[in-house]
Q: 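Dropping the structure in here first, questions after.
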Amino acid sequence: MTLKIYNTATRRKEDFQPQNPPQVTMYNCGPTVYDYFHVGNARNFVVVDAVRRYLEHSGYTVKFVQNFTDVDDKIIKRANEKNEPWDRLAARFVDAYYEKADALAVRRATIHPKATEHIKEMLDLVVKLVEKGLAYEKNGDVYYRVRAFKGYGELSGKNIDDLLEGARVDVGELKEDPLDFALWKAAKPGEPSWTSPWGEGRPGWHLECSAMSMHHLGETIDIHSGGHDLIFPHHENERAQSCGATEKPFAKYWLHNGFLTINTEKMSKSLGNFFTINEVLDRFQPAAVRFYLLSAHYRHPLDYSDAALEEATNAVGRIREAVVTAEKILGGAVAGTTSDEAVRLEAEFKEAMDDDFNTQRAIGVIFEAVSLLNEKRQAYSRNANGESDKMAADALVGAIRRLLGILGLEDLIFSAGAADADGAFSEGLVDLLIRARKMAKEAKQFQLADYIRDELNSLGVRLQDHPTGTIWLKD
RNA sequence: GGCGACGUAGCCAAGUGGUAAGGCGGAGGUCUGCAAAACCUCUAUUCAGCGGUUCGAAUCCGCUCGUCGCCUCCA
């Protein structure tokens, strides 16, 4: 079975065929760095990261570019409000992006270009568009002549004439047509600016992604992604700029994730109904947050609530419990152990992910593996010589860890209870207490035994008695 | 107004022609000195409603109702 990807441009699932396999070029519209990102933004980063990981798992070599928009109206406005140089503000939130994205196990892109580092490429692109008659200058602004590009509206399914009604013209803009959009904006006093053939100015928002995508990945890339709200006008305009200049396709597959909602309404900064990633990570484990963001199909809306995050926390806990318990009871797993069941489950996982990255179905497969693992582990511990149960459980542990790894969840889930610096010493103490409790139990001194268990519990060390002996887990 | 998406159990959510995955929560049971964890059983005769196509539909078509999104900065 081949990987299928839903392509916004055709509104269909299509077989994924990159231009030059095994190479895949991928560009995701990254954050505008004027504030901490919110959970809705995080969904895009996590979903795209999972797509990238799955492509690599499937044997592709992914060159992945995600930009930082580090100069734009919102950054300038925020900098003025805070009385902070605009470039320092942007740099601060670039750092914040890395810190929180790292926390969610979102891998760094191959390249994280910044808009301000690609002014030259942008100007070259604008010059080319002017030369081709697709752009024109008015008072130091340069606009894209939308009606001169046939095919405008094809990505978003818009009809040019329908758009006219809602088109907006700001005061002072001298567009030939209300639909035209700014490629380059003449500098206003006090704003950052760069020298251009049309005087001092700065780039329009849409321009940077076209320039950086083509510069780093070539004129036609395999996958271009972003949130659903970028389809129009941002991606439509990027496409017009790029295809207009090169007369080649800009992106083969357009991938857009659905919104994160609150009470079914889109989470957005303008509505004010958002939670920053900082607030959310203060209250919930990164593993639970990432799990939650992957717990619905990426194109569907996902509603945010404390209850949903708590549920995700419990679900992640079930997986962690099953694997950690099994590993403690089984002892060291034999590397590379596998079984028919593990092979079957991994195939089902692949089938789910091949179907337009159906992470929800893929997670269902992982839980099926968790149930089977618990069953095998219990059978093994009740019948201590069940070598075949041990092999089966070992294989499932391996499979579960691999599958979680593909979704970027393995490290997040299992790092929580990792040993600290003086881990060996602490572990020795816990083992000592467990032996003392065992002696108390054998002497029927249950009060003392329970005291040891309860006190360990209040320190975050939970005991489980199994037929094979007592194990402990750190919450 | 134009274009588009969605409506599946108490909640979240897969399933897009062959008779309802999975998770959370809830009820009962097994194991245990008691727990914890786990396991077992149960928890949607039915997929917003009404019609139609079909041997057969949650899945296809039509209409109705409801929710949301884009059309302006927005992941």
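Protein chains get the first letters and strands the later ones, always in sequence-line order, with residue 1 at the start of each.
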Q: Looking at the side chain of A/Arg377, which of B/C24, B/A38, B/C34 is the nearest nucleotide?
A: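 Of B/C24, B/A38, B/C34, B/A38 is nearest to the side chain of A/Arg377.
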
Q: Before we go on, tell me: are the rings of A/Phe45 and A/Tyr97 under 6.0 Å apart, centre to centre?
A: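 So the answer is yes for these two rings.
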
Q: Pairing check on B/G7: which nucleotide meets the Watson-Crick or G-U wobble criteria with it, both distances under 3.5 Å?
A: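 Base-paired to B/C65.
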
Q: Is the centre of the A/His206 ring less than 6.0 Å from the centre of the A/His235 ring?
A: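 Centroid distance A/His206-A/His235: not below 6.0 Å, so no.
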
Q: Counting side-chain heavy atoms from CB outward, which of B/G69, B/C34, B/A38 is closest to A/Lys266?
A: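 Out of B/G69, B/C34, B/A38, the nucleotide with an atom closest to A/Lys266's side chain is B/G69.
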
Q: Could you tell me if the ring centre of A/Tyr304 sits under 6.0 Å from that of A/Phe259?
A: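 No - the distance between ring centres of A/Tyr304 and A/Phe259 does not fall below the 6.0 Å cut-off.
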
Q: Give me the distance, rounded to whole Å, that separates B/U59 from B/U16 when you measure between the C1' atoms they each carry.
A: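 Rounded to whole Å, the distance is 4 Å.
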
Q: Is there a Watson-Crick or G-U wobble partner for B/G1 with both distances under 3.5 Å, and which nucleotide is it?
A: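 Across all strands, the one nucleotide that pairs with B/G1 is B/C71.
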
Q: In terms of side-chain heavy atoms of A/Arg361, which of B/A14, B/G23, B/G33 is nearest?
A: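 For A/Arg361, the side-chain atoms sit closest to B/A14.
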
Q: Rounding to the closest angstrom, what is the interatomic distance between B/A36 and B/G69 at atom P?
A: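 The answer is 44 Å between these two P atoms.
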
Q: To the nearest Å, give me how far apart CD (A/Glu310) and P (B/G23) are.
A: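 After rounding, the reported distance stands at 19 Å.
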
Q: Strictly under 6.0 Å, is that where the ring centroids of A/Phe181 and A/Tyr143 end up?
A: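 Centroid distance A/Phe181-A/Tyr143: not below 6.0 Å, so no.
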
Q: Return the nearest nucleotide to the side chain of A/Ala315; candidates are B/G69, B/G23, B/A14.
A: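 Per side-chain heavy atoms of A/Ala315, the pick is B/G23.
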
Q: Is it true that the NZ or CZ of A/Lys158 lies under 6.0 Å from the centre of A/Phe232's six-membered ring and within 45 degrees of the ring axis?
A: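 Positive - A/Lys158 is close enough to the ring of A/Phe232 and near enough to its axis.
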
Q: Find the distance A/His228:NE2 to B/C3:C1' and express it as a whole number of Å.
A: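 Going from NE2 in A/His228 over to C1' in B/C3 covers 11 Å.
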
Q: If you measure from the P atom in B/U8 to the same atom in B/C68, how many Å do you get, rounded?
A: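 Each nucleotide's P atom is 15 Å from the other's.
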
Q: Give the rounded distance in Å between these two atoms: CG of A/Leu155 and P of B/C70.
A: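 Distance check: A/Leu155 CG to B/C70 P gives 16 Å.
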
Q: With a non-hydrogen cut-off below 4.0 angstrom, is A/Ser270 in contact with a base, only sugar-phosphate, or nothing?
A: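 Result for A/Ser270 = base.
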
Q: I'd like to check, for A/Phe446, whether its ring lies over the base of B/G33 with centroids under 5.5 Å apart and a plane angle smaller than 30°.
A: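 Stacking is present between B/G33 and A/Phe446, given that their ring centres fall under 5.5 Å apart and the planes under 30°.
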
Q: Should the side chain of A/Gln464 and the base of B/A35 be counted as holding a donor-acceptor pair, with the cut-off at 3.5 Å?
A: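 Counting by modelled atom types and ignoring angles, no donor-acceptor contact under 3.5 Å is found here.
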
Q: Distance to the ring centre below 6.0 angstrom and angle to the axis at most 45 degrees; does that hold for A/Arg108 and A/Tyr98?
A: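 Yes.
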
Q: Would you mind classifying the nucleic acid contact of A/Asn314 as base, sugar-phosphate or nothing, using non-hydrogen atoms under 4.0 angstrom?
A: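 Contact class for A/Asn314: sugar-phosphate only.
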
Q: With the side chain of A/Lys74 defined as its heavy atoms from C-beta on, choose the nearest nucleotide among B/C73, B/A38, B/G33.
A: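 Of the options given, the side chain of A/Lys74 lies nearest B/C73.
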
Q: Report the distance from atom CD of A/Gln447 to atom P of B/A35, rounded to the nearest whole Å.
A: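 It works out to 17 Å between those atoms.
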
Q: Could you please name the option among B/G69, B/A38, B/A21 that lies closest to any side-chain atom of A/Glu265?
A: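 So the nucleotide nearest the side chain must be B/G69.
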
Q: Contact class for A/Leu463 vs. all strands (heavy atom < 4.0 Å): base, sugar-phosphate, or nothing?
A: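 Since a base atom lies under 4.0 Å of A/Leu463, the category is base.
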
Q: Return the nucleotide paired to B/A21: Watson-Crick means purine N1 to pyrimidine N3 with N6-O4 or O6-N4, wobble means G-U with N1-O2 and O6-N3, both under 3.5 Å.
A: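 Pair assignment: B/A21 / none.
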
Q: With a 3.5 Å cut-off and no angle check, do the side chains of A/Gln241 and A/Glu236 form a donor-acceptor pair?
A: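 No donor-acceptor contact under 3.5 Å links the two side chains.
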
Q: Where the side chain of A/Arg462 is concerned, which of B/G33, B/A36, B/C71 is the nearest nucleotide?
A: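 For the A/Arg462 side chain, the nearest candidate turns out to be B/A36.
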
Q: A/His297 or A/Arg453: which one's nearest nucleotide on RNA chain B is closer to the 5' end?
A: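 Closest to the 5' end, via its nearest nucleotide, is A/His297.
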
Q: Checking all strands, does A/His38 fall into the base, sugar-phosphate, or nothing category for heavy-atom contacts under 4.0 angstrom?
A: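 Here A/His38 touches the bases of the nucleic acid.
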
Q: In whole angstrom, give the distance that lies between atom CG of A/Leu473 and atom P of B/A35.
A: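 Distance check: A/Leu473 CG to B/A35 P gives 20 Å.
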
Q: Give one of base, sugar-phosphate or nothing for A/Arg11, where a contact means two heavy atoms less than 4.0 Å apart.
A: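 Contact class for A/Arg11: none.
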
Q: OP1 or OP2 of B/C39 less than 4.0 angstrom from a side-chain nitrogen or oxygen of A/Asn374, does that happen here?
A: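 So the side chain of A/Asn374 is within the cut-off, an N or O lying under 4.0 Å from OP1 or OP2 of B/C39.
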
Q: Tell me whether the OP1 or OP2 atom of B/A14 has a side-chain N or O from A/His300 closer than 4.0 Å.
A: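 Yes, within the criterion.
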
Q: Using Watson-Crick or G-U wobble geometry with both distances below 3.5 Å, tell me the partner of B/A37, or none.
A: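 Partner of B/A37: none.
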
Q: At 4.0 Å (heavy atoms only), tell me whether A/Ala308 reaches a base, stays on the sugar-phosphate, or touches nothing.
A: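 It contacts nothing in the nucleic acid.
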
Q: Could you check whether A/Leu260 gets within reach of a base, just the sugar-phosphate, or nothing at all, counting any heavy atom under 4.0 Å?
A: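 Here A/Leu260 touches the bases of the nucleic acid.
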
Q: Hey, which sits more toward the 5' end of RNA chain B by its nearest nucleotide, A/Pro301 or A/Val365?
A: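 Whichever sits nearer the 5' end wins; that is A/Pro301.
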
Q: Write down the partner of B/C47 under the Watson-Crick or G-U wobble criteria, each distance required to be under 3.5 Å.
A: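 Base-paired to nothing in any strand shown.
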
Q: When rounded to the nearest Å, what value does the distance between C1' atoms of B/A21 and B/U30 take?
A: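 Result for the C1' pair: 26 Å, nearest Å.
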
Q: Cation-pi between A/Arg402 and A/Phe349: NZ/CZ under 6.0 Å from ring centre and within 45° of the ring axis?
A: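 Cation-pi check for A/Arg402 and A/Phe349: fails.
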
Q: Determine the contact category for A/Gly40: base if any of its heavy atoms lies under 4.0 Å from a base atom, sugar-phosphate if only primed atoms, P, OP1 or OP2 are that close, otherwise nothing.
A: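 Result for A/Gly40 = base.
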
Q: Within the structure shown, what part of the strands sits under 4.0 Å from A/Phe259 by heavy-atom distance: base, sugar-phosphate, or nothing?
A: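 Base contact - A/Phe259 has a heavy atom under 4.0 Å of at least one base atom.
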
Q: Check whether the side chain of A/Asp450 and the base of B/G33 form a donor-acceptor pair under 3.5 Å.
A: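 Present.
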
Q: OH of A/Tyr298 versus P of B/A13: gap in Å, rounded?
A: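 Between P of B/A13 and OH of A/Tyr298: 17 Å.
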
Q: B/C55 and B/U67: how far apart are their C1' atoms, nearest whole angstrom?
A: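 Those two atoms are separated by 36 Å.
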
Q: Check every atom of B/C24, B/A14, B/C34 against the side chain of A/Arg318 and return the nucleotide holding the closest atom.
A: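 Closest of the options to the side chain of A/Arg318: B/C24.
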
Q: Given the C1' atoms of B/C6 and B/U41, what is the spacing between them in whole Å?
A: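 Here B/C6 and B/U41 have their C1' atoms 35 Å from each other.
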
Q: Find the distance A/Asp465:CG to B/C39:C1' and express it as a whole number of Å.
A: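 Between C1' of B/C39 and CG of A/Asp465: 17 Å.
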
Q: With a 4.0 Å cut-off on heavy atoms, is A/Arg12 in touch with a base, just the backbone sugar-phosphate, or nothing at all?
A: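 Nothing, no nucleic acid heavy atom in range.
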
Q: So, under a plain 3.5 Å distance rule, would you say the side chain of A/Glu311 forms a donor-acceptor pair with the base of B/G23?
A: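 Indeed, a donor on one side and an acceptor on the other fall under 3.5 Å apart.
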
Q: Rounded to the nearest 0.5 Å, what separates atom OG1 in A/Thr313 from atom CZ in A/Arg283?
A: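 Going from the OG1 atom of A/Thr313 to the CZ atom of A/Arg283 covers 10.0 Å.
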
Q: C1' atom, B/A9 versus B/C3: distance in rounded Å?
A: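 Each nucleotide's C1' atom is 34 Å from the other's.
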
Q: Please name the nucleotide paired to B/C42 by Watson-Crick or G-U wobble geometry with both distances under 3.5 Å, or report none.
A: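 Per the H-bond distance test, B/G26.
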
Q: Counting the benzene-type ring for Trp, do A/His38 and A/Phe275 have ring centres under 6.0 Å apart?
A: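 For A/His38 and A/Phe275, the ring centres are not under 6.0 Å apart.
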
Q: Considering only atom P, compute the distance from B/A13 to B/G18 and round it to an integer number of Å.
A: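 Taking atom P in both B/A13 and B/G18, they lie 24 Å apart.
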
Q: I need the CD-C1' distance between A/Gln378 and B/G29, as an integer number of Å.
A: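 Interatomic distance, CD of A/Gln378 to C1' of B/G29: 14 Å.
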
Q: Please state whether the phosphate of B/U67, meaning OP1 or OP2, lies under 4.0 angstrom from any side-chain nitrogen or oxygen of A/Asn263.
A: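 So the side chain of A/Asn263 is outside the cut-off, no N or O lying under 4.0 Å from OP1 or OP2 of B/U67.
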
